[in-house]
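A quick write-up on the structure given underneath.
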Number of protein chains: 2
Amino acid sequence: MFEAKLTQGSLLKKILDAIKDLVPSANWECSSTGVSVQAMDSSHVSLVSISLSSEGFDPFRCDRNIILGMETASLSKILKCASNDDSITVRAEESTDTVSFIFESPNQERVCDYNMKLLDIDSEHLGIPEQEYDAVIQMPSSEFQRICRDLTQIGDSVKINCTKEGVKFSAHGDLGDGNILLKQSASVDKEEDQVSIELNEPVELTFALRYLNFFTKATPLSAKVTMSLKEDVPLVLDYRIGELGNLK
Amino acid sequence: MFEAKLTQGSLLKKILDAIKDLVPSANWECSSTGVSVQAMDSSHVSLVSISLSSEGFDPFRCDRNIILGMETASLSKILKCASNDDSITVRAEESTDTVSFIFESPNQERVCDYNMKLLDIDSEHLGIPEQEYDAVIQMPSSEFQRICRDLTQIGDSVKINCTKEGVKFSAHGDLGDGNILLKQSASVDKEEDQVSIELNEPVELTFALRYLNFFTKATPLSAKVTMSLKEDVPLVLDYRIGELGNLK
DNA sequence: GATGAGTTTC
DNA sequence: GAAACTCATC
């Protein structure tokens, strides 16, 4: 028996909004420590990795490790049926082919339950390796979203150049070119508005804005995003989901 | 070398929002006194005239008269990349084929620069002649926008009839007709809410609402609009852009 | 609270 | 391409 209740159900809704355009289906691996997902997009260009700690749920019960293979579009459709202030309980029996979602309004007056068929997905079980990066940049997630959206007006890809002075985002295309320089902030009133850079090595890397714009769909999950860069290694964007976990 | 910094960059963004549906491309003529644009819409029905005084910029430097021919759609795209509270600096070297736009956030933490290719546009260099009008009406720009939008529901053109009592806007069409009478206001609390009429001669003229609705895209630039009318002469709408200049 | 622009969905 | 929804602004 697996059962996990998330008081703030809107978080799960936002997680699905963040990944539904990228990941067609995914295995949700449930263990006593929590829930995690690793899935590639359909073009195998990017990897989505979600980890949610058991401590973010109450109650959380996982008698035995269980893998819930789900169609992302279907899950997203079902979660659209939850109100933002509903709690969401996910429940699955041992060796079942369905999973249940229970949405409860704060005053308990409305209880919805949806049952979805599970899939058998063979996954390669990739993960994002823990490693040293040349540059780790923290910035407001809305700022990063804005940069990607703006540079999409100019070109298809963005060159990210990080030095200790700041990060420069550059694009070029038919109408000309655009460069956005973000300086490391000295001291800002709001911590979440801060731009901070940990630099081992200056880096200059180029990425497709198409994918970055997919990734920034996670912006509502967190006011901040952490971007890790390293030569010949995929870029990592890390959105912290409160105390619950994170989405990379 | 031409360089002009506009602290309130949102003004330039609004100017482009106002003209981008009307003017496909335009020459921006820069001289020591400021920047001006005269351009006809693609159907040669209307003329857009912008004049921005050098005194509205700080700094403003124009060593030699220079003409910057720009695609309006491209310029608009680039200006969409500026935040409303950014300052905008326009810079062009002598005999160059590109122009640079620098957007700086108020705290200087983000600096964007965009470079756009210039065009060689042969323009007829028309202007709006200075002349006496039969009627000069000042009214809230939002009110005029609303009138044009509402009457578009009724018909394709509006008859504007101005006497010393007031202005009457009339349209008719399949579903019936509509008339909006605006009386000259005696005294209003807010000066910008005032309707005032300077009348030499009562006039009655008809205009295509399609174009008036293009013109009212300039509404965000100014709370007031001045409409000048004269028999056999094009209508003029004048939107004052603060101390910077105006758009007609 | 209302309006408009942008984004997304059908 | 039209309509609905969301977000931001007034």
Side-chain angles (χ1 to χ4, degrees), chain A residues 9-24 41-42 71-86 140-154 156 190 192-193 209-223 225 239, chain B residues 8-22 72-73 75-86 103 105-106 110 140-153 189-193 209 212-225 239 241-242:
Chain A
S10 60
L11 291 179
L12 193 55
K13 285 164 67 77
K14 286 178 189 166
I15 289 172
L16 265 106
D17 287 341
I19 67 168
K20 69 173 196 294
D21 297 330
L22 209 47
V23 173
D41 72 88
S42 49
E71 191 94 46
T72 315
S74 307
L75 177 55
S76 174
K77 274 189 186 175
I78 287 179
L79 293 181
K80 287 234 182 298
C81 305
S83 295
N84 276 329
D85 50 1
D86 283 355
S141 58
S142 56
E143 184 119 45
F144 182 62
Q145 184 175 44
R146 174 75 198 257
I147 289 168
C148 293
R149 195 187 65 196
D150 284 351
L151 291 183
T152 302
Q153 299 284 321
I154 308 300
D156 296 333
K190 279 178 283 183
E192 64 196 35
D193 287 346
L209 282 163
R210 174 176 159 77
Y211 282 90
L212 296 186
N213 283 318
F214 282 136
F215 303 162
T216 60
K217 296 263 160 54
T219 303
L221 280 168
S222 175
V225 62
Y239 293 86
Chain B
Q8 198 181 340
S10 60
L11 291 179
L12 193 55
K13 285 165 67 77
K14 287 177 188 167
I15 289 172
L16 265 107
D17 287 340
I19 68 169
K20 69 172 198 293
D21 297 330
L22 207 49
T72 314
L75 177 54
S76 175
K77 271 190 186 177
I78 286 179
L79 292 181
K80 287 230 182 304
C81 303
S83 295
N84 277 329
D85 51 2
D86 283 355
F103 308 149
S105 62
R110 192 191 58 228
S141 58
S142 55
E143 184 120 43
F144 181 63
Q145 183 176 43
R146 178 70 199 259
I147 289 168
C148 293
R149 197 184 62 198
D150 287 351
L151 291 183
T152 301
Q153 300 290 323
D189 288 348
K190 278 179 284 182
E191 190 248 346
E192 62 197 36
D193 287 346
L209 282 163
L212 295 185
N213 284 317
F214 282 135
F215 303 161
T216 59
K217 297 263 160 59
T219 303
L221 280 168
S222 175
K224 295 187 295 189
V225 62
Y239 293 86
I241 311 168

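Note that these values count all heavy atoms, side chains included, but never hydrogens, waters or copies made by symmetry. What you see is a predicted model, and the numbers here were worked out from it, not measured in a lab. Residue numbers begin at 1 in each chain, while the letters A, B, ... track the order of the sequences.
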How long is the line joining CD of B/Q145 and P of C/dT3, in whole Å? 13 Å

Is it the case that atom CG in A/D156 sees more than 12 heavy atoms from other parts of the structure closer than 6.0 Å? no

Side-chain N or O of A/K20 less than 4.0 angstrom from OP1 or OP2 on C/dT9? yes

Rounded to whole Å, please give me the gap between NZ in B/K13 and C1' in C/dG6. 13 Å

Can you tell me the distance, in whole Å, between the CG atom of B/D85 and the P atom of D/dA8? 14 Å

How close or far is atom C1' of C/dT3 from atom CD of B/E143, stated in whole angstroms? 16 Å

C/dT8 phosphate, OP1 or OP2, under 4.0 Å from A/K217 side-chain N/O: yes

Using a 4.5 Å cut-off on heavy atoms from C-beta on, say whether the side chain of A/D17 contacts that of A/L221. no

To the nearest Å, give me how far apart NZ (A/K14) and C1' (D/dC7) are. 13 Å

Where do B/C148 and B/T216 come nearest, in terms of heavy atoms and distance? SG-CG2, 4.3 Å

Among the nucleotides C/dT7, C/dG6, C/dG4, whichever has the atom closest to the side chain of A/R149 is C/dT7

Between C/dT7 atom C1' and A/Q153 atom CD, what is the distance in whole Å? 13 Å

A/K80 NZ to D/dC5 C1', straight-line distance once rounded to whole Å: 10 Å

Could you tell me the separation between the CG atom of A/L16 and the P atom of C/dT9, rounded to a whole number of Å? 13 Å

In short, B/F103 meets B/I78 closest at the heavy-atom pair CE1-O, 3.4 Å

